[in-house]
2 protein chains.
Amino acid sequence: MKKKEIILRAAMQLFARKGFKDTSMAELSKTTGAAEGTIFYHFKTKQDIFLEILKTAKEEILFEFNRYTENRQFETGIEMMDGAISFYLYLAGLKEDFFLLLHRRYPYELAEVNPVCRQHLESIYNCFVDIFEQAILAGQADGSIAPLPARKVALIVFTMVDGLVRFKLYNLYDAGALFNELIASCRRMLENKPVTG
Amino acid sequence: MKKKEIILRAAMQLFARKGFKDTSMAELSKTTGAAEGTIFYHFKTKQDIFLEILKTAKEEILFEFNRYTENRQFETGIEMMDGAISFYLYLAGLKEDFFLLLHRRYPYELAEVNPVCRQHLESIYNCFVDIFEQAILAGQADGSIAPLPARKVALIVFTMVDGLVRFKLYNLYDAGALFNELIASCRRMLENKPVTG
DNA sequence: AAAATTAAACTGAGTACTCAGTCTGTTTTT
DNA sequence: AAAAACAGACTGAGTACTCAGTTTAATTTT
């Protein structure tokens with residue numbers, strides 16, 4: 001593995017676990033074995049390291065998302081939603097450091113002044129919400145999901161699932177204990193209840 | 001207003017908007033008009049300022065919660081839930097800086113090594129989740145809410161509402177546009193559907 | 001009521017330290 | 001030998017916190 005990639009990976013871990021500001025170049029140099037000069041040879045600034053992490057992660061998530069949608073077939077939209085929630089939680093476990101980073105304030109503060117950062121973040125979030133929206137639209141087509149405003153409800157489902165991830169990352173509650181109830185709650189929220197009579 | 005209180009209020013605003021680490025004592029000194037020495041006369045360390053902010057905020061939230069529960073009467077548990085959600089969003093608007101602070105990583109990182117911080121945070125979160133749980137229990141007593149595990153579902157509702165607050169605070173989506181749909185989604189999730197036949 | 005005493009609040013220059021980023025030079029690759 | 005990659009000492013700005021001393025306010029003594 002090239003020094004540049006070693007630096008990127010270590011920086012992602014440190015920025016996620018300790019925060020951007022609380023990670024010094026000296027520390028990054030020490031953990032990677034690369035001299036500080038080497039780091040600044042590959043990246044112009046500390047911020048540039050962060051932006052490249054975000055770009056790489058975005059591409060990896062889009063890749064994982066495509067792999068997920070390709071390999072799965074669901075009977076109904078509501079089952080697709082179960083799968084989407086599971087996928088998000090699976091991804092949060094697979095890329096825990098990145099999700100930790102996404103739950104820090106730094107990316108959003110940078111996004112307010114840096115359009116490149118904003119675009120990366122938007123791509124990532126749109127990708128996530130799209131997953132849920134597509135499940136809802138599919139469910140509405142096959143009749144398993146009620147006729148609700150798809151995008152809005154997708155956002156609400158996203159806040160639920162992402163909130164669970166936050167609980168887990170911040171060690172607030174045992175997120176695993178809530179998983180089944182989360183799936184069941186989503187079903188009650190979305191399911192089509194045919195009007196009788 | 002005493003210097004000490006001026007310092008506390010300014011520190012809350014700065015810690016919330018800029019972050020704990022990114023707020024220097026020099027800046028706090030400048031915005032309050034108090035010399036740096038004065039700040040350290042009133043607080044032993046920078047961290048102590050944060051802990052006192054948390055303690056004060058906790059007391060204020062408990063006070064607001066009591067005022068809320070005293071002055072309201074609801075017909076059914078499900079209506080009480082609507083009120084609880086509105087209360088949370090109202091509080092998040094009233095004490096925006098504090099909610100910004102609560103959505104930073106610093107409090108939770110400190111909580112992992114500082115038991116006083118952890119206890120303050122637990123009191124605050126338990127208070128919030130209690131509000132939702134009480135509504136669910138009331139609704140189950142009067143038959144308006146389905147027999148679900150009250151605490152777990154209360155946590156899920158909390159993640160939804162707090163997620164909406166996060167959207168608003170981080171300027172990710174227009175939270176106001178989701179309010180009505182959030183209330184409706186919660187109702188679908190909780191409502192008792194009597195079995196016919 | 002004026003003066004003397006005490007205590008609390010406040011000040012800002014100073015301290016030791018950390019930081020991102022630079023500079024100069026060496027090694028490795030082409 | 002030229003170019004790319006690497007190394008680490010160095011810089012100057014910024015950091016939380018200290019301390020010796022000053023100002024202000026309250027209390028006691030005359």
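The sequence lines fix the lettering, A, B, ..., with proteins before strands; numbering per chain opens at 1. Every value quoted in this text rests on a predicted model; they were computed, and no experiment measured them.
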Check: Would B:Tyr125 and A:Phe167 satisfy ring-ring contact (aromatic ring centres under 6.0 Å, His included), going step by step from the backbone distance to the final call?
Finding: CA-CA 11 Å; B:Tyr125 274 98; A:Phe167 277 174; 7.3 Å; no

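Ring centroids of A:Tyr106 and A:Phe15 are separated by 6.0 Å or more, keeping the two rings apart.
Under 4.0 angstrom from either OP1 or OP2 of C:dC10 there lies at least one side-chain N or O belonging to B:His42. OP1 or OP2 of D:dA7 has at least one side-chain nitrogen or oxygen of A:Lys3 nearer than 4.0 Å. Residue A:Thr38 places at least one side-chain N or O under 4.0 Å from the OP1 or OP2 atom of D:dA7.
Closest contact between the side chain of A:Glu36 and the listed nucleotides D:dA16, C:dT11, C:dT22 involves C:dT22. Each of D:dA7, C:dT22, D:dT15 was ranked by its minimum atom distance to the side chain of A:Ala35; first place goes to D:dA7. Side-chain atoms of B:Tyr41 lie closest to C:dA8 of the nucleotides C:dA8, D:dA7, C:dA20.
For the pair B:Lys4 and B:Tyr41, the cation-pi criterion (under 6.0 Å, within 45° of the ring axis) is not fulfilled. For the pair B:Lys46 and B:Phe20, the cation sits on the ring face: its NZ or CZ lies under 6.0 Å from the ring centre, inside 45° of the axis.
In this structure, B:Ser29 contributes its side chain and B:Met25 its backbone to no donor-acceptor pair below 3.5 Å.
Rounded to an integer number of Å, the gap from NZ of A:Lys46 to C1' of C:dC19 is 8 Å. The distance from atom CG of B:Leu28 to atom C1' of D:dG14 is 16 Å, rounded to the nearest whole Å. What separates CZ of B:Phe43 from C1' of D:dA16 is a distance of 15 Å, to the nearest Å. Regarding A:Asp48, its CG atom lies at a distance of 14 Å from the P atom of C:dA20, rounded to whole Å. Regarding A:Gln47, its CD atom lies at a distance of 16 Å from the C1' atom of C:dC19, rounded to whole Å. Following rounding to the nearest Å, B:Lys30 (NZ) and D:dT15 (C1') show an atom-to-atom distance of 16 Å. Atom pair B:Ile7:CD1 and D:dC17:P shows a separation of 14 Å (rounding to whole Å applied). As a whole-Å value, the separation of A:Lys2 NZ from C:dT28 P is 15 Å.
Between A:Gly37 and A:Thr23, the residue whose closest nucleotide on DNA chain C is further toward the 5' end is A:Thr23. For the pair B:Lys44 and A:Lys4, nearest-nucleotide mapping onto DNA chain D gives the more 5' position to A:Lys4.
Within 4.0 Å (heavy atoms only), A:Ser29 reaches no atom of the nucleic acid at all.
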